[in-house]
Asks: 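Quick one: the structure is below, questions incoming.
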Amino acid sequence: TGELVASAGEDKTVRLWEADTGRCLRVWKMEDVPVTLAWNPNRHLHLLAVGAGRDVVIIHTGTCSEEDAQATEDVVTGARADAEGADGEAGDEAGGAGAGAGAG
């Protein structure tokens, strides 16, 4: 029914799984071992926050409708612009990361 599970591994990866089938949909490689992750509570914004090392990485999972994907991209783009304006540098772009959180 579209339920997704995210996991974090000691191999420095975050994986996105389809709960019904156990199929791995996406894998993101982190610079450090991810130790925490959390889904955005807004089900229309498919974002995953990952804590790895001293960083928090926001991943756009790419698992939503076209309309929700645009809304998600607008949020990510706005946050990136805010971060660049605050310190003059762009943040890391992961495109996606995990430790055991579900969404759907």
Side-chain angles (χ1 to χ4, degrees):
T1 60
E3 292 287 321
L4 302 173
V5 175
S7 66
E10 290 187 14
D11 61 352
K12 299 183 180 180
T13 63
V14 173
R15 296 176 189 268
L16 186 63
W17 306 87
E18 189 173 56
D20 291 345
T21 65
R23 182 173 68 123
C24 182
L25 301 175
R26 291 187 174 68
V27 179
W28 295 277
K29 184 78 171 165
M30 303 285 105
E31 289 186 23
D32 293 301
V33 174
V35 294
T36 60
L37 58 89
W39 286 97
N40 182 332
N42 182 334
R43 296 172 69 90
H44 296 287
L45 300 176
H46 289 224
L47 298 171
L48 191 59
V50 179
R54 295 176 53 159
D55 297 325
V56 175
V57 178
I58 304 298
I59 297 171
H60 181 324
T61 64
T63 56
C64 48
S65 70
E66 192 172 314
E67 181 179 326
D68 287 349
Q70 184 58 54
T72 301
E73 186 60 32
D74 291 346
V75 168
V76 171
T77 301
R80 195 174 298 136
D82 289 346
E84 289 172 359
D87 64 319
E89 295 182 22
D92 289 354
E93 292 183 37

Asks: Which heavy atom of W39 sits nearest a heavy atom of A6, and at what distance?
Replies: CZ2-CB, 4.0 Å

Asks: Give the minimum heavy-atom separation between G62 and R26, together with the two atoms involved.
Replies: O-NH2, 3.2 Å

Asks: Nearest 0.5 Å please: distance from the CZ atom of R23 over to the CG atom of L16.
Replies: 10.0 Å

Asks: OG1 of T72 to CG of N42: how many Å apart, nearest 0.5 Å?
Replies: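 Here the interatomic distance stands at 8.0 Å.
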
Asks: If Ile, Leu, Val, Met, Phe, Trp and Tyr residues are connected whenever their side-chain heavy atoms lie under 4.5 Å apart, and connections chain through other members, are L45 and V56 in the same group?
Replies: yes

Asks: If you look at every heavy atom in I58 and A49, which pair is closest and at what distance?
Replies: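 Smallest interatomic distance, heavy atoms only, reads CD1-CB, 3.9 Å.
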
Asks: To the nearest 0.5 Å, tell me how far T63 OG1 sits from H46 NE2.
Replies: 5.0 Å

Asks: Could you pull out the closest heavy-atom pair between V27 and R15, with the gap in Å?
Replies: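 Smallest interatomic distance, heavy atoms only, reads CG2-NH1, 3.3 Å.
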
Asks: Show the nearest heavy-atom pair for residues D32 and A52, with the distance to one decimal.
Replies: O-CB, 3.7 Å

Asks: Establish whether V50 and V33 are linked, either directly or via other cluster members, by ILVMFWY side-chain heavy-atom contacts under 4.5 Å.
Replies: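 Hydrophobic grouping puts V50 apart from V33.
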
Asks: Do K29 and K12 come within less than 4.5 Å of each other through their side chains, counting heavy atoms only?
Replies: yes

Asks: Assess the residue pair T13 and M30 against the criterion (side chain to side chain contact (heavy atoms under 4.5 Å, CB included)); give the C-alpha distance rounded to whole Å, side-chain angles, the decisive distance to 0.1 Å, and a yes or no.
Replies: CA-CA 6 Å; T13 63; M30 303 285 105; over 6 Å; no

Asks: Nearest 0.5 angstrom please: T61 OG1 to L47 CG, how far?
Replies: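 So the gap between those two atoms works out to 7.0 Å.
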
Asks: Closest approach of H60 and A69, non-hydrogen atoms and distance?
Replies: NE2-O, 3.7 Å

